[in-house]
Amino acid sequence: QVQLVESGGGLVQAGGSLRLSCVASGSIASINTMHWYRQAPGKQREVVANIYFNGNTNYADSVKGRFTISKDNARNAAYLQMNNLKPEDTAVYYCNLKTYRTVSAPPSSNYWGQGTQVTVSS
């Protein structure tokens with residue numbers, strides 16, 4: 001059973017930084033993508049950042065230039081460096097792992113972490 005464990009959330013003042021980590025355990029397919037989502041109370045869960053099998057990344061417009069996603073395949077880990085945090089970034093952040101049979105196929109597996117709370121004070 002694949003499990004994702006997140007850490008690094010907390011309380012920070014506006015303008016500060018946090019680094020979230022996500023470590024996966026179990027049998028991880030070699031073709032995979034990793035993603036960070038977030039969900040604020042009363043809001044829809046949204047994609048924050050993506051990193052693909054080839055290392056390409058993309059971000060939600062609201063976090064471009066402030067957040068950076070990275071991965072360490074050897075450690076089955078993904079990270080989200082969050083800089084210049086704003087109160088509107090306050091949410092539960094979730095790590096997501098998708099695996100694929102081929103690079104062009106839809107995902108065959110989809111795993112979620114437990115979430116970590118990020119609170120940004122004004």
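It should be emphasised that the depicted structure is a prediction, and the values quoted were computed from it without experimental measurement. All residue numbers refer to positions in the sequence shown, counting from 1.
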Sequence-distant partners of Glu88, salt bridge (charged side-chain N to carboxylate O under 4.0 Å, His left out), two or more places apart: none
Ring pair (Phe, Tyr, Trp, His ring centres under 6.0 Å) partners for Tyr37, two or more places apart: Trp112
Check: Lys71 main-chain N/O paired with Arg75 side-chain donor or acceptor under 3.5 Å: no
Shared-cluster residues of Val5, by chain and number - hydrophobic side chains joined below 4.5 Å: none
ring-ring contact (aromatic ring centres under 6.0 Å, His included) partners of residues 66-98, not counting sequence neighbours, each pair once: none
Pair listing, disulfide bond (SG atoms under 2.5 Å apart) test, anchored in residues 33-73, at least two apart: none
Separation between CG of Asn83 and CZ of Arg19, rounded to the nearest 0.5 Å: 10.5 Å
Side-chain donor/acceptor of Thr116 to backbone N/O of Gly9, under 3.5 Å: yes
Smallest separation among heavy atoms of Ala14 and Ser122, with atom names: CB-CA, 4.4 Å
Residue among Ile51, Val47, Val63, Leu80 satisfying side-chain contact (heavy atoms from CB on, under 4.5 Å) with Trp36: Leu80
Side-chain heavy atoms of Val12 within contact of Thr119, under 4.5 Å: no
Residue list, side chain to side chain contact (heavy atoms under 4.5 Å, CB included) with Lys64, at least two apart or on another chain: Tyr59, Asp61
Which residues share a side chain to side chain contact (heavy atoms under 4.5 Å, CB included) with Asn76, sequence neighbours left out: Ala24, Ile28
Qualifying salt bridge (charged side-chain N to carboxylate O under 4.0 Å, His left out) pairs, either residue in residues 25-44, two or more places apart: Arg38-Glu46, Arg38-Asp89
Candidates Leu18, Val48, Thr68, Val120 - the one meeting side-chain contact (heavy atoms from CB on, under 4.5 Å) with Met82: Leu18
Audit row: Asn32, Phe53, side chain to side chain contact (heavy atoms under 4.5 Å, CB included) steps and yes/no: CA-CA 6 Å; Asn32 64 80; Phe53 68 94; over 6 Å; no
Heavy-atom check, side chain of Gln117 versus side chain of Thr90, under 4.5 Å: yes
Inter- and intrachain pairs under disulfide bond (SG atoms under 2.5 Å apart), touching residues 32-122, at least two apart: Cys22-Cys95
Thr99 (side chain) donor-acceptor with Ala29 (main chain) under 3.5 angstrom: no
Value rounded to 0.5 Å, distance of CD1 in Ile31 from OH in Tyr100: 10.0 Å
Any residue meeting salt bridge (charged side-chain N to carboxylate O under 4.0 Å, His left out) with Arg45, in chain and number order, not counting sequence neighbours: none
Under the side chain to side chain donor-acceptor pair (under 3.5 Å) test, residues paired with Asn58 that sit two or more places apart: Asn50, Tyr52
Where at least one partner belongs to residues 3-12, residue pairs that pass side-chain hydrogen bond (donor to acceptor under 3.5 Å, both in side chains), sequence neighbours excluded: Ser7-Ser21
Distance-only side-chain donor-acceptor flag, Asn96 / Lys98, under 3.5 Å: yes
